[in-house]
J.: 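Quick one: the structure is below, questions incoming.
Letters A, B, ... mirror the listed sequences (proteins, then strands); counts begin at 1.
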Amino acid sequence: MIRDARVLRTDFVPREVEHRDHEVTHLSGVLRPLTDGEPADTVIVTGPTGTGKTCVTRFVGERLREETLDVAFQYVNCWRHYTFFRCAYAVLDGMNETMDVHRQSTPRDELLARLEEYDGPPRVLVLDEVDQLEDLSLLYDLHSMPRFALVLIANREAELFGRIGERMTSRLRGSERIRFEKYTLDQLVAVLEARARSGLAEDAVGAAELERIADAAAGDARVAISVLRSAARRADREGNDRITAEVVEAAIPDAREAVHRENLENLTRHQEILYDVVEDAGEIAPGALYERYEGRVDDAKADRTVRNYMQKMAHYDLIEIEGSTRDRVYRHPDRG
DNA sequence: GTTCCACTGGAAGACTAGGTTT
DNA sequence: AAACCTAGTCTTCCAGTGGAAC
């Protein structure tokens with residue numbers, strides 16, 4: 001039933017992008033000067049998760065490379081490389097410039113100098129989830145190097161500009177913006193149809209089933225595609241040559257669970273204990289949380305550290321945070 | 001309206017791990 | 001071997017916030 005598993009991965013870049021013509025044209029237009037060896041403006045791409053930001057950017061990058069031999073394209077995920085050092089290192093790594101840069105004890109000045117020395121072809125530098133960078137001064141440095149064309153991807157523009165320094169804000173204010181909106185139900189069905197056509201056997205899934213998946217995904221293509229994948233796997237396992245309505249229903253919680261399980265595995269012992277406390281309580285105030293956490297370990301971290309842990313877990317969607325001062329509560333997402 | 005105070009999150013610095021230099 | 005780097009983690013300190021109690 002599965003003809004090409006790659007197509008069902010959420011990071012797959014299709015040959016044609018569905019319902020994002022305007023965004024594709026806009027982004028290509030901004031990067032166009034690179035084909036003549038001219039520098040291109042910085043682009044800020046914003047929109048909720050699963051709206052095709054990363055996909056469109058990669059798509060445009062691949063097409064640009066097909067058209068022009070002399071353009072390099074590089075993608076860096078700032079969630080995974082969230083410090084100044086790791087992000088700069090990742091950029092250098094993509095340029096094969098890291099051989100003599102050692103994993104540690106390399107001052108940031110040297111990393112910057114090395115970036116500045118770059119004299120290869122113009123390079124499109126995509127910084128995905130750029131709002132996750134904890135030190136945004138790297139943007140300032142990269143922005144001032146004309147050999148790099150920056151594409152900054154963030155969920156919300158306001159958050160990015162809120163953290164960015166004033167001098168950087170004024171420089172970026174004039175840069176191009178591309179905003180992505182959530183997919184409508186019909187658009188999402190079209191996305192799924194395209195993936196099913198090239199990834200699955202013919203007639204493996206019907207229109208009603210795709211619509212059900214699209215509906216459950218609530219405008220998020222990433223969720224939709226991973227539900228489709230797990231439905232296809234499930235059908236395969238059960239020896240079914242069609243994705244039935246029952247298989248779809250069973251696959252919907254699968255996708256959520258898989259992400260959840262993966263995130264839990266990344267936690268440290270202390271974070272795990274905090275997660276357990278919140279899970280047991282369902283909902284808990286900060287004071288009580290810390291008290292119970294302290295009772296369960298004999299080497300408790302400082303309260304400030306616990307607050308950092310909680311932020312991190314909230315980021316992984318493992319817990320929810322509500323309220324900003326005295327009304328703050330931590331909550332387990334499946335309850336309350 | 002005023003005061004109280006539980007809580008937040010930024011900043012600065014100590015500490016640790018892992019490397020290089022002398 | 002000792003002295004000296006750096007990144008990353010954690011702690012300490014504290015101004016600020018806004019809900020709750022008066």
Side-chain angles (χ1 to χ4, degrees), chain A residues 76-95 97-117 127 129-142 154-156 158-169 263-275 277-278 281-333 336:
Chain A
V76 175
N77 187 315
C78 297
W79 184 317
R80 285 181 43 209
H81 309 277
Y82 59 91
T83 66
F84 181 98
F85 183 88
R86 289 218 262 253
C87 188
Y89 186 89
V91 174
L92 286 167
D93 204 27
M95 312 184 329
E97 284 287 336
T98 45
M99 277 84 80
D100 50 342
V101 176
H102 302 291
R103 201 78 190 80
Q104 276 189 13
S105 54
T106 306
R108 51 161 65 194
D109 288 354
E110 194 179 327
L111 291 178
L112 285 176
R114 215 160 273 265
L115 285 169
E116 212 135 13
E117 280 166 20
L127 300 181
E129 317 222 35
V130 70
D131 42 348
Q132 293 307 308
L133 263 185
E134 59 186 33
D135 184 352
L136 294 170
S137 67
L138 181 60
L139 300 184
Y140 184 80
D141 296 314
L142 288 172
N155 277 11
R156 271 187 266 141
E159 252 161 60
L160 181 61
F161 279 104
R163 289 188 42 227
I164 229 163
E166 209 153 288
R167 60 173 186 171
M168 190 63 196
T169 304
N263 287 341
L264 274 180
E265 277 166 18
N266 287 330
L267 297 182
T268 66
R269 184 172 60 92
H270 287 273
Q271 290 163 346
E272 213 173 307
I273 289 165
L274 286 163
Y275 175 82
V277 171
V278 175
E283 181 176 305
I284 191 166
L289 169 69
Y290 191 75
E291 222 166 86
R292 289 194 205 173
Y293 157 74
E294 239 180 340
R296 289 200 200 180
V297 291
D298 46 11
D299 54 347
K301 304 284 186 186
D303 61 334
R304 185 67 184 83
T305 302
V306 166
R307 286 203 288 279
N308 284 338
Y309 287 168
M310 298 313 283
Q311 285 296 343
K312 190 165 189 174
M313 286 193 275
H315 233 116
Y316 282 113
D317 287 328
L318 289 170
I319 57 160
E320 284 170 4
I321 295 181
E322 201 178 281
S324 58
T325 56
R326 290 186 69 138
D327 55 339
R328 165 67 55 95
V329 287
Y330 299 107
R331 183 181 303 143
H332 193 261

J.: Would you tabulate the side-chain donor-acceptor contacts of residues 301-313 of chain A under 3.5 Å, counting partners in other chains and residues two or more places apart, or write 'none'?
T.:
{"residue": "A/R304", "atom": "NH1", "partner": "A/N308", "partner atom": "OD1", "Å": "2.9"}

J.: Between A/Y309 (OH) and B/dT8 (C1'), how many Å, whole number?
T.: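 A/Y309 atom OH is separated from B/dT8 atom C1' by 18 Å.
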
J.: Among C/dC10, C/dT6, B/dC7, find the nucleotide with the atom closest to the side chain of A/T305.
T.: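 Side chain of A/T305 sits closest to C/dC10.
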
J.: Send over the distance from A/N308 CG to B/dG10 C1', rounded to a whole Å.
T.: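 Between C1' of B/dG10 and CG of A/N308: 10 Å.
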
J.: Go through the structure and list residues passing side-chain contact (heavy atoms from CB on, under 4.5 Å) with A/F161, not counting sequence neighbours.
T.: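 Result, side-chain contact (heavy atoms from CB on, under 4.5 Å) vs A/F161: A/I44, A/E157, A/I164, A/T169, A/L172, A/R177.
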
J.: Please give, in whole Å, the distance from C/dC5 C1' to A/F85 CZ?
T.: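 Checked: the CZ to C1' distance equals 12 Å.
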
J.: Would you tell me if any nitrogen or oxygen in the side chain of A/Y330 comes within less than 4.0 Å of OP1 or OP2 on B/dT8?
T.: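 It does, given that an N or O in the side chain of A/Y330 lies less than 4.0 Å from OP1 or OP2 of B/dT8.
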
J.: Can you tell me the distance, in whole Å, between the NZ atom of A/K301 and the C1' atom of B/dT16?
T.: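 Answer to the nearest Å: 11 Å.
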
J.: For A/Y316, check side-chain hydrogen bond (donor to acceptor under 3.5 Å, both in side chains) against everything at least two apart and list the hits.
T.: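 Not a single residue meets the side-chain hydrogen bond (donor to acceptor under 3.5 Å, both in side chains) criterion with A/Y316.
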
J.: OP1, OP2 of C/dA7 versus side-chain N and O of A/T83: anything below 4.0 Å?
T.: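 No, because none of the side-chain N or O atoms of A/T83 sits under 4.0 Å from OP1 or OP2 of C/dA7.
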
J.: Which residues in residues 287-298 of chain A have at least one heavy atom lying under 4.0 Å from any atom of DNA chain B?
T.: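 Here the set is A/G287.
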
J.: By side-chain contact (heavy atoms from CB on, under 4.5 Å), which residues pair with A/D327, not counting sequence neighbours?
T.: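 For A/D327, the residues satisfying side-chain contact (heavy atoms from CB on, under 4.5 Å) (neighbours in sequence not counted) are A/T325.
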
J.: For A/R156, check side-chain hydrogen bond (donor to acceptor under 3.5 Å, both in side chains) against everything at least two apart and list the hits.
T.: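 A/R156: side-chain hydrogen bond (donor to acceptor under 3.5 Å, both in side chains) contacts with A/E159.
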
J.: Show me the protein contacts with nucleotides 13-18 of chain C, counting only N or O atoms at under 3.5 Å.
T.:
{"residue": "C/dG18", "atom": "O4'", "partner": "A/T325", "partner atom": "OG1", "Å": "3.2"}

J.: Stems in DNA chain C: runs of 3 or more consecutive Watson-Crick or G-U pairs, distances under 3.5 Å?
T.: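 Stem segments, range with range: B:1-22 with C:1-22.
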
J.: Send over the distance from A/Y82 OH to C/dG8 P, rounded to a whole Å.
T.: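 Result: 7 Å.
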
J.: Can a donor-acceptor pair be found between the side chains of A/H81 and A/Q132 at a distance below 3.5 Å?
T.: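 No, no side-chain donor-acceptor contact under 3.5 Å.
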
J.: Just how far, in rounded Å, is P of B/dG10 from CD of A/E134?
T.: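 A/E134 atom CD is separated from B/dG10 atom P by 11 Å.
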
J.: Parallel, tilted or perpendicular for A/Y293 and A/Y290, by the 30°/60° rule?
T.: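 Correct class here is tilted.
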
J.: Which residues pass the salt bridge (Lys or Arg N to Asp or Glu O under 4.0 Å) test with A/R108, sequence neighbours left out?
T.: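 Here the qualifying residues are A/D135.
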
J.: Mind checking salt bridge (Lys or Arg N to Asp or Glu O under 4.0 Å) for A/E322 and listing every partner two or more places apart, or none if nothing turns up?
T.: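 A/R331.
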
J.: Please name all residues satisfying side-chain contact (heavy atoms from CB on, under 4.5 Å) with A/D299, sequence neighbours left out, ordered by chain then number.
T.: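 Listed in chain order: A/R269, A/H270, A/V297.
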
J.: For the pair made of CG in A/L112 and P in C/dT6, what is the distance, rounded to whole Å?
T.: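 Rounded to the whole Å, the gap is 14 Å.
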
J.: Round to the nearest Å and state the distance from A/L136 atom CG to B/dG10 atom C1'.
T.: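 Going from CG in A/L136 over to C1' in B/dG10 covers 14 Å.
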
J.: Mind checking side-chain contact (heavy atoms from CB on, under 4.5 Å) for A/R296 and listing every partner two or more places apart, or none if nothing turns up?
T.: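 Result, side-chain contact (heavy atoms from CB on, under 4.5 Å) vs A/R296: A/I273, A/D276, A/V277, A/D280.
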
